[in-house]
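Written out below as structure tokens is the structure these notes cover.
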Amino acid sequence: MDENELPELTEDEKQLFADLMPEDLTEIMDTGVNRRHFLKLLTLAGGGLLAAQSAAAEHVLTRPFQEPAPSGIDPASLENAVNVTFKVNGMAHKVTVDSRMTVLDTLRERLNLTGSKKGCDHGQCGACTVIVNGSRVLSCLTLAASCEGKSVQTIEGLAQGNRLHPMQEAFLKHDGFQCGFCTPGQICSAVALLDEAKKGYASYVTANVRQSAGPVLLSREEIRERMSGNICRCGAYPNIVDAIQEVQSGKPVEQVFRSV
């Protein structure tokens, strides 16, 4: 199957839409699941109407869905236009952008990858975090032109088909999000953080920065420090730390809920 081709619906998934969204079934069969269908299904899930079809619903909610292609932009209408060729989630793209256009705006407005969020747009909240050549960057402060020939990974590129990335699974298990706006940046930052720890990068709370570099087993204090650039207004920080600690250690982290 071509990497851009979306998987066909299974019989269980077809039955799910036939039962719950019959008015949309013809459109779904012709053009695939789009954002409107996805959000409608989420609403039904929130209403507790998917219990009987939970397995099929889980497959639909984790599969890629069809998006309309972004509208074309006449390069002649751009000021200071530059051509940028780079890979995004393993796929090569060549785009003509204003030399001042950021990676975030390029992803959202030109490539229709809207998972990375524009929060503060000043590099202070971390909601726009993506991974460039293995390192996390704030895409709202990074020029698209600076990514020529580089590889960019966004939240959309972490899962392998219907199989979530271990960090995504851990965030779900530990309720590492509430409103979800900061979550794409939190997860991308956490994935890159584990690679930094594996390479022995020091942080502000590292006990001995002169010690020879080697894999770092992250304490909760280390995780909090290394994730301090990603802000969650909902306050899910303890759960985020649990999720990261579980993925790095490979051992279950007990969920402890305290109330006052």
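Residue numbers count from 1 along this sequence.
The same ILVMFWY cluster, assembled from side-chain heavy atoms under 4.5 Å apart, contains both Leu111 and Val103. Linking Ile, Leu, Val, Met, Phe, Trp and Tyr whenever their side-chain heavy atoms come within less than 4.5 Å leaves Val191 and Tyr237 in two separate clusters. A continuous path of hydrophobic side-chain contacts links Leu107 to Val95 [ILVMFWY only; heavy atoms under 4.5 Å]. Both Leu194 and Ile131 sit in one connected hydrophobic cluster of ILVMFWY residues. Membership requires side-chain heavy atoms under 4.5 Å apart, directly or through other members.
When every heavy atom of Val97 is checked against every heavy atom of Ala144, the shortest pair comes out as CG2-CB, 4.3 Å. When every heavy atom of Cys128 is checked against every heavy atom of Ser139, the shortest pair comes out as O-OG, 2.6 Å. The minimum heavy-atom distance between Val247 and Pro166, with the atom names listed, is CG2-O, 3.7 Å. Listed here is the closest heavy atom pair of Phe177 and Phe171: CE2-O, 3.9 Å. Nearest heavy-atom pair, His122 versus Cys120, reported as atom, atom and distance to 0.1 Å: ND1-O, 2.8 Å. Minimum heavy-atom separation, Thr142 to Ser146: CG2-OG, 3.5 Å.
The shortest distance between side-chain heavy atoms of Lys198 and Gln248 does not fall below 4.5 Å. Side-chain contact between Leu218 and Gln245 is absent, with no heavy atoms from C-beta onward closer than 4.5 Å. Between Lys94 and Asn83 there is a side-chain heavy-atom pair separated by less than 4.5 Å. With contacts defined as side-chain heavy-atom distances shorter than 4.5 Å, the pair Glu148/Phe86 does not qualify.
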Would Arg108 and Leu104 satisfy side-chain contact (heavy atoms from CB on, under 4.5 Å), going step by step from the backbone distance to the final call?
CA-CA 6 Å; Arg108 293 180 59 83; Leu104 178 60; 3.7 Å; yes
Apply side-chain contact (heavy atoms from CB on, under 4.5 Å) to the pair Asp242 and Arg220, showing each step before the final yes or no.
CA-CA 8 Å; Asp242 287 345; Arg220 298 184 70 83; 2.7 Å; yes
For Thr102 and Asp121: C-alpha separation, side-chain torsions, deciding distance, then whether side-chain contact (heavy atoms from CB on, under 4.5 Å) applies.
CA-CA 10 Å; Thr102 64; Asp121 207 22; 5.8 Å; no
Steps toward side-chain hydrogen bond (donor to acceptor under 3.5 Å, both in side chains) verdict (Asn133, Ser151)
CA-CA 5 Å; Asn133 282 4; Ser151 178; 5.0 Å; no
Please walk me through it: do Lys118 and Asp105 pass salt bridge (Lys or Arg N to Asp or Glu O under 4.0 Å)?
CA-CA 9 Å; Lys118 180 176 284 194; Asp105 287 339; 2.8 Å; yes
Arg136 vs Val130, test: side-chain contact (heavy atoms from CB on, under 4.5 Å). Steps then yes/no.
CA-CA 6 Å; Arg136 47 182 168 163; Val130 299; over 6 Å; no
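Side-chain N/O atoms of Ser219 and Glu221 include no donor and acceptor closer than 3.5 Å. In this structure, a donor-acceptor pair under 3.5 Å is present between the side chains of Ser189 and Asn230.
Considering CD of Glu169 and CD1 of Ile187, their distance stands at 11.0 Å, rounded to 0.5 Å. Distance check, rounded to the nearest 0.5 Å: CZ of Phe181 to CD1 of Ile231 gives 12.5 Å. The NZ atom of Lys117 sits 12.0 Å away from the SG atom of Cys125 when rounded to the nearest 0.5 Å. Note: Thr129 OG1 to Met227 CE = 8.0 Å, rounded to the nearest 0.5 Å. The OG atom of Ser116 sits 11.0 Å away from the CG atom of Leu138 when rounded to the nearest 0.5 Å. For the atom pair Ile223 CD1 and Leu193 CG, the distance stands at 7.0 Å (nearest 0.5 Å).
When atom types are taken as modelled, the side chain of Glu196 and the backbone of Tyr201 share no donor-acceptor pair closer than 3.5 angstrom. Side chain of Arg110 to main chain of Thr96: a donor-acceptor pair is present (N/O by atom type, distance under 3.5 Å, no hydrogens or angles). Side-chain N or O atoms of Ser249 include one that pairs as donor or acceptor with a backbone N or O of Lys251 at under 3.5 Å. Asn89 contributes a side-chain N or O that, together with a main-chain N or O of Thr154, makes up a donor-acceptor pair within less than 3.5 Å. Looking only at distances, no side-chain donor or acceptor of Gln153 sits under 3.5 Å from a matching main-chain atom of Val132. Side-chain N or O atoms of Glu156 include one that pairs as donor or acceptor with a backbone N or O of Gly115 at under 3.5 Å. Within the 3.5 Å criterion, the main-chain N or O of Val253 finds a donor-acceptor partner in the side chain of Glu246.
With respect to Arg226 and Glu222, a salt bridge is recorded, a charged nitrogen being found less than 4.0 Å from a carboxylate O.
Results of the side-chain contact (heavy atoms from CB on, under 4.5 Å) test with Ile244 over Met167, Gln186, His174 single out Met167 as the only residue that passes.
Atom CD of Glu254 has 12 or fewer neighbouring heavy atoms from other residues, nucleotides or ligands inside a 6.0 Å radius. Counting non-hydrogen atoms of neighbouring residues, nucleotides and ligands closer than 6.0 angstrom, the NZ atom of Lys173 exceeds 12 such neighbours.
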